[in-house]
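We count residues from 1, following the sequence as given. Since this is a predicted model, take the numbers as computed values, not measurements. Worth knowing before you read on, the calculation uses all heavy atoms, side chains too, and leaves out hydrogens, waters and symmetry mates.
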Amino acid sequence: MLEKMHLLGFAEGGWGAALLGAAAMTLLLSVLGFMLGAVFGALGASGALSAKRIPRSLAAAYGTVFRGIPDLLTIYLFYYGGSVALTAIAKSFGSEGFVGLPSLATGVIAIGIISGAYQAEVYRGAYQAVERGQFDAAKALALSRLQMLRLVIIPQLLRHAIPGLSNVWQLVLKDSALISVIGLVELMRQAQIGAGSTREPFLFYLAAAGLYFVIAGLTGQVFRAAETRASRGIMH
């Protein structure tokens, strides 16, 4: 295999630049999906913690559906369901033919909704882990609800949430490989293209595994640093 390593280089005929570009696309897709998931997760946690029945029921249904359906099936449903809807809309304006959703946008939305279902549980558990005395102290200081959230609750909530969010991030990173099925050329898809073109599948999939490992390791350091900083802030 060593004599084939030039295929992963950056010289003419090498696939190094293509693989790195695809790795960057994987990182972009994962970051955007995770950030969108944070929004859905916050809404889901807020609903789950609500005193009202309807928000609690909606939050429970959201978590049950998107944690229970296979992630690949969710991606297919969003891509083909959204494309059918766009095609129907286009036909109503006189356009003919199939209208497909952009792969990146579909991937971000699908991963965001999937990861949001998991993030909601992380935020809910973190909120419940905040000591009740902190709420009483904030009220005693006559803080507004917004000030209480910004100055007291959210900093402590994040301290409890970061370890769980780190696990969700790893899930997002792995789910990004599934977006290759709808045509996005991210790391997994680029490895497939390289493997098919050179007939060296083991080499390219091994290279992809190495790049996923690097991305996971570097981003894991970011979460560990954030966890350390959040804990230090609480202790001080």
Side-chain angles (χ1 to χ4, degrees), residues 15 17-47 55 58-123 165 167-197 204-205 208-209 211-212 215-216 219:
W15 291 76
L19 287 170
L20 286 182
M25 177 58 75
T26 288
L27 184 58
L28 175 65
L29 170 65
S30 300
V31 169
L32 293 178
F34 186 83
M35 291 173 63
L36 182 60
V39 176
F40 286 117
L43 292 174
S46 178
L58 290 175
Y62 168 56
T64 300
V65 169
F66 289 104
R67 291 200 306 271
I69 294 177
D71 296 345
L72 181 59
L73 180 56
T74 299
I75 293 166
Y76 277 136
L77 288 174
F78 272 95
Y79 180 69
Y80 290 109
S83 296
V84 167
L86 278 182
T87 301
I89 293 172
K91 284 185 177 179
S92 68
F93 287 97
S95 178
E96 297 294 333
F98 180 78
V99 180
L101 284 175
S103 297
L104 177 59
T106 305
V108 169
I109 293 171
I111 288 178
I113 290 176
I114 293 167
S115 70
Y118 293 93
Q119 291 191 56
E121 285 301 298
V122 173
Y123 294 135
L165 292 177
N167 290 331
V168 176
W169 165 255
Q170 299 298 327
L171 172 69
V172 167
L173 188 59
K174 290 190 288 186
D175 274 357
S176 69
L178 299 176
I179 307 302
S180 63
V181 301
I182 57 174
L184 183 67
V185 183
E186 42 63 70
L187 182 54
M188 187 64 188
R189 179 56 179 159
Q190 190 64 67
Q192 291 173 333
I193 294 171
S197 298
F204 278 84
Y205 291 134
L211 287 170
Y212 278 116
I215 294 172
T219 52

Does the side chain of [Y] come within less than 4.5 Å of [X]'s, by heavy atoms?
X	Y	value
W169	S30	yes
F204	Q190	no
L184	M25	yes

Checklist entry - Can any side-chain N or O of E186 pair as donor or acceptor with the backbone N or O of L27 at less than 3.5 Å? => result no

Next on the checklist: So does L173 get a backbone contact from the side chain of S176, meaning a donor-acceptor N/O pair under 3.5 Å?
Outcome noted: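 Pair found, side chain donor or acceptor close to backbone of L173.
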
[X] [atom1] to [Y] [atom2] distance, which is reported to the nearest 0.5 Å:
X	Y	atom1	atom2	value
R189	T26	CZ	OG1	13.0 Å
Q170	D175	CD	CG	11.5 Å
F34	Y118	CZ	OH	14.0 Å
L73	I114	CG	CD1	9.5 Å
T106	I179	OG1	CD1	8.0 Å
I109	I75	CD1	CD1	12.0 Å

Of all the heavy-atom pairs spanning [X] and [Y], show the shortest one and how long it is.
X	Y	answer
G33	I111	CA-CG2, 3.9 Å
V172	S115	CG2-CB, 3.5 Å
G47	A59	C-CB, 3.8 Å
I193	V185	CD1-CG1, 4.3 Å
F40	G112	CD1-O, 3.8 Å
A191	A208	CB-CB, 3.8 Å

Checklist entry - Listed by chain and number, what are the side-chain contact (heavy atoms from CB on, under 4.5 Å) partners of F66, not counting sequence neighbours? => result Y62, T74, F78, I113, A117

Next on the checklist: According to salt bridge (Lys or Arg N to Asp or Glu O under 4.0 Å), does anything in residues 108-123 pair up with another residue at least two apart or in another chain? List the pairs.
Outcome noted: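 Every pair satisfying salt bridge (Lys or Arg N to Asp or Glu O under 4.0 Å) with a residue in residues 108-123: E121-R124.
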
Would you tabulate the side-chain donor-acceptor contacts of residues 80-89 under 3.5 Å, counting partners in other chains and residues two or more places apart, or write 'none'?
unit_1: S83; atom_1: OG; unit_2: Y79; atom_2: O; d: 2.7
unit_1: S83; atom_1: OG; unit_2: L101; atom_2: N; d: 3.2
unit_1: T87; atom_1: OG1; unit_2: S83; atom_2: O; d: 2.8
unit_1: T87; atom_1: OG1; unit_2: V99; atom_2: N; d: 2.9
unit_1: T87; atom_1: OG1; unit_2: V99; atom_2: O; d: 3.4

